[in-house]
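There's a structure below that I have some questions on.
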Amino acid sequence: MKNVIEIRGLSKDYEKGFWKKKKIRALDGLDLDVAPGQIYGFLGGNGAGKTTTIKILMGLIFPSGGTAKILGKDISDVEVHSRIGYCPENPYFYDYLKATELMDYFGQLFGLEASKRKKVSEDLLARVGLEEKDWTKQLRKFSKGMLQRVGIAQSLVNDPELVVLDEPMSGLDPVGRREIRELIAGLRQAGKTVFMSSHILSDIEALCDNVAILRSGTLVATGRLEELLASEDGDRAFEISANGVKAAELISIPEAISGAVVTEKPSGASIQVFGDENIGTVLTEIKKAGGNVVSVQPVRQSLEELFVKETTDS
Amino acid sequence: MFRNILAIARNTFREAVRDRVLYNLVVFVLLITGCAVFLGDLTAGNEDRTVTNIGLSAMLLFGVFISIFVGVSLVSKEIEKKTLYTIFSKPVGRGQFIVGKYLGLCLTLLVNVAVMGTGVSLALFYVGSGSLAASIWGTVTLIFLELTIVTAVAILFSSFSTPALSALLTFLVWIIGHFSASLKDLADGLGSAAAQWIFGFIYYVFPNLSHFEFVTLAARGESPSAGYLGGVFLYTLIFNTILLAITIVIFRRRNLK
Ligand SMILES: Nc1ncnc2c1ncn2[C@@H]1O[C@H](COP(=O)(O)OP(=O)(O)O)[C@@H](O)[C@H]1O
Ligand SMILES: [Mg+2]
């Protein structure tokens with residue numbers, strides 16, 4: 001199937017200073033493809049160019065070079081907006097409107113019938129976990145987290161095929177984050193494509209099928225999350241937990257296997273080794289020392305490690 | 001397309017109505033009219049003239065301030081607070097937004113002018129001049145048309161400049177607009193080619209707001225003829241259309257911060 005988002009050589013220079021002479025390159029020749037039906041994570045440190053990319057896709061700012069297509073249409077085509085949803089970073093809405101009025105207004109801009117607007121608004125406000133008593137409060141009285149929820153609700157008014165979320169978890173408490181995470185996972189279930197930027201890596205790790213990592217306006221890594229996280233060397237690491245035994249009683253393990261590390265744990269010990277051929281030795285040694293094996297787990301590179309590696313010079 | 005323009009206009013009107021500043025100004029004009037009645041008591045025999053003069057002049061002045069204030073703030077607020085991000089991610093063109101916003105502001109002005117006009121009419125009834133109470137409405141219409149131009153100018157400036165500068169520039173255009181015709185006559189009389197060129201330029205580029213000046217005549221019980229009103233209406237329509245077209249061209253290319 002065709003890509004939902006197709007970005008080719010996208011660049012953006014911001015002009016600085018009174019005479020607009022000084023230029024800041026925020027995006028530099030970005031290429032990106034997002035296939036349908038997945039949750040795509042767009043990562044990068046502060047100022048990497050995530051918001052800039054998203055604003056170009058939404059037609060809010062114009063690229064200095066390159067092209068981009070959404071659902072097969074050039075981004076200059078406003079009509080394709082009827083099939084997409086967007087929640088900006090730190091969304092802000094009309095102070096003087098109530099949440100239901102805002103949803104109704106946006107429903108009008110999509111040409112929905114009044115009865116449909118009412119139903120959709122109430123469904124969505126409930127779905128993003130906004131309490132019913134807050135629906136008819138003016139938005140000026142909303143907290144950051146509540147506005148974030150409204151922002152996500154309004155991005156779904158038109159039942160879009162593609163939802164673009166810029167830092168959807170920011171400002172939310174742990175419960176809110178979990179609710180929104182479930183909502184986003186639900187969107188994939190419903191066959192939608194989600195393109196989300198985030199710096200909260202645990203959310204990305206829990207949700208995304210594919211990710212792209214951006215650094216200073218260029219792509220530094222892209223692909224399936226699992227593949228990126230799989231250890232790059234053939235020797236995968238494993239962690240073995242045991243109880244009923246102290247770390248001091250297992251010194252035979254690092255002696256037998258080079259690179260093995262034994263750590264004392266409250267209930268026993270944990271051993272890290274590289275290479276699955278060493279697991280058997282570890283298990284035998286634990287038994288010899290009179291301990292019980294509790295678990296054997298492969299150790300994945302965490303997204304955080306990958307992120308730090310790709311976005312810093314070290 | 002019209003659906004979007006209508007929705008945006010309606011929302012703009014709602015915002016203006018919920019903005020308390022607007023109520024304050026209306027109350028203020030009503031107070032001024034009250035003062036006029038009081039003054040009228042002092043100038044025996046001329047109450048109706050004084051009330052008409054002060055009432056309509058105040059209406060124009062307050063109308064201009066409302067037009068500038070609301071025209072500039074409502075548009076630049078949407079840019080600064082980024083409420084436009086969610087608007088333009090929907091199937092809404094930038095031109096539709098400008099036109100919708102403009103029509104919403106005009107509706108706001110219409111309601112305002114109507115309330116103010118009613119206030120002046122009531123004051124005139126109070127001082128016993130039922131005929132003036134009716135005849136001022138032609139002049140009130142001219143004031144409203146003038147305000148629609150001021151608003152279009154305010155939106156034009158705020159499509160590319162800061163709120164403070166936009167307000168200042170709009171105010172200057174309003175002042176110059178009232179003098180441009182006299183300046184041109186003056187320059188034509190002087191016979192200097194350079195002066196003629198400069199003032200001719202001003203005359204054709206700036207709105208000629210002398211067409212809308214009728215307050216002094218209105219105080220004498222005169223009323224603009226239907227033909228005159230129609231002509232001024234046409235002039236306003238053409239001028240505003242051009243202003244909005246320029247605004248849209250500029251706004252379409254703007255990167256939203
Ligand atoms: N309106 C702007 N004017 C000038 N520079 C900007 C503007 N917006 C963003 N930038 C710069 O562009 C770069 C990318 O910013 P942004 O896209 O917001 O990054 P991210 O969303 O990944 O944190 C940063 O260096 C930022 O300072
Ligand atoms: Mg950002």
Side-chain angles (χ1 to χ4, degrees), chain A residues 12-15 20 51-52 54-64 70 75-98 101-112 117 138-140 150-151 154-155 157-158 160 162-164 166, chain B residues 1-23 70 73-101 103-104 108 160-162 165 248-257:
Chain A
K12 175 70 184 175
D13 295 318
Y14 285 111
E15 287 150 345
K20 308 198 163 175
T51 299
T52 300
I54 290 175
K55 280 170 74 178
I56 292 174
L57 289 177
M58 294 300 120
L60 302 173
I61 56 176
F62 305 105
S64 312
I70 292 181
I75 42 171
S76 58
D77 180 358
V78 177
E79 286 312 313
V80 78
H81 288 189
S82 57
R83 296 159 62 197
I84 63 182
Y86 164 57
C87 176
E89 187 176 21
N90 304 322
Y92 189 87
F93 303 105
Y94 305 94
D95 275 343
Y96 55 93
L97 290 185
K98 298 166 185 164
E101 287 172 338
L102 181 86
M103 296 290 284
D104 186 74
Y105 177 37
F106 286 170
Q108 284 176 35
L109 296 179
F110 282 114
L112 303 182
R117 294 201 299 267
Q138 285 197 341
L139 293 168
R140 74 175 86 228
V150 174
Q154 65 81 30
S155 74
V157 166
N158 55 328
L162 166 68
V163 189
V164 178
D166 197 352
Chain B
M1 180 181 157
F2 291 111
R3 174 195 83 207
N4 284 345
I5 292 175
L6 222 63
I8 292 165
R10 209 176 313 138
N11 191 51
T12 304
F13 181 68
R14 180 161 55 180
E15 172 169 16
V17 168
R18 290 187 186 177
D19 212 335
R20 295 194 183 97
V21 178
L22 220 56
Y23 294 141
V70 180
S73 74
L74 288 199
V75 173
S76 38
K77 208 158 73 185
E78 295 237 15
I79 297 173
E80 255 155 45
K81 300 215 161 173
K82 306 184 175 176
T83 42
L84 280 181
Y85 283 20
T86 37
I87 300 291
F88 289 138
S89 66
K90 304 196 167 29
V92 177
R94 296 210 176 176
Q96 292 172 5
F97 172 78
I98 293 290
V99 175
K101 204 80 197 165
L103 292 181
T108 312
F160 64 88
S161 154
T162 62
L165 192 60
I248 291 170
V249 168
I250 295 173
F251 198 57
R252 276 214 176 113
R253 308 158 134 262
R254 178 156 178 176
N255 282 301
L256 297 173
K257 288 276 141 159

message: If I measure from the heavy atoms of chain A, does L84(B) come under 4.5 Å with its side chain, its backbone, both, or neither?
response: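 The answer is the backbone of L84(B).
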Contacting moiety of D95(A), where chain B heavy atoms sit under 4.5 Å: side chain
message: Within this structure, what is the CZ-OG distance for the pair R252(B) and S76(A), rounded to the nearest 0.5 Å?
response: 11.5 Å
query: Among G111(A), G151(A), G59(A), who wins on heavy-atom pairs under 4.5 Å with chain B?
result: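 Looking at each of G111(A), G151(A), G59(A) in turn, G111(A) comes out on top.
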message: On a heavy-atom basis, which atom in I84(A) and which in N158(A) lie closest, and how many Å separate them?
response: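 For I84(A) and N158(A), the tightest heavy-atom pair comes out as O-ND2, 3.0 Å.
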field: Heavy-atom contact with chain A under 4.5 Å, split by part of R94(B)
entry: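 Side chain of R94(B) only, per the 4.5 Å heavy-atom cut-off to chain A.
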Verdict with supporting geometry, D104(A) and Q108(A), side-chain hydrogen bond (donor to acceptor under 3.5 Å, both in side chains): CA-CA 6 Å; D104(A) 186 74; Q108(A) 284 176 35; 3.1 Å; yes
task: Kindly assign one of parallel, tilted or perpendicular to the pair F97(B) and F251(B), based on the angle between their ring planes and the thresholds 30° and 60°.
output: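 Judged by the thresholds at 30° and 60°, the geometry between F97(B) and F251(B) is parallel.
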message: Can you tell me which portion of Y105(A) sits under 4.5 Å from chain B's heavy atoms? Options are side chain, backbone, both or neither.
response: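 The side chain, not the backbone.
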field: Distance in Å, F13(B) CZ paired with L103(B) CG, rounded so as to fall on 0.5 Å steps
entry: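 Spacing of CZ (F13(B)) from CG (L103(B)) equals 13.0 Å.
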- request: Indicate whether the side chain of Y85(B) and that of K55(A) have a donor and an acceptor atom separated by less than 3.5 Å.
  value: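 Y85(B) vs K55(A): donor-acceptor pair found between side chains.
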task: Measure distances from L97(A) to the heavy atoms of chain B and classify the residue's part below 4.5 Å as side chain, backbone, both or neither.
output: both
query: Looking at V157(A) and G107(A), what are the two nearest heavy atoms and their distance?
result: CG1-CA, 3.7 Å
- request: Give the member of Q154(A), Q138(A), R83(A) that has the highest number of heavy-atom pairs under 4.5 Å with chain B.
  value: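 Counting heavy-atom pairs under 4.5 Å, the top option is Q154(A).
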- prompt: When only pairs under 4.5 Å are counted, which of E78(B), K77(B), R10(B) shares the most heavy-atom pairs with chain A?
  reply: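 Maximum pair count with chain A is reached by E78(B).
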message: For the interface with chain A, which of A7(B), S89(B), G93(B) has the highest count of heavy-atom pairs at distances below 4.5 Å?
response: S89(B)
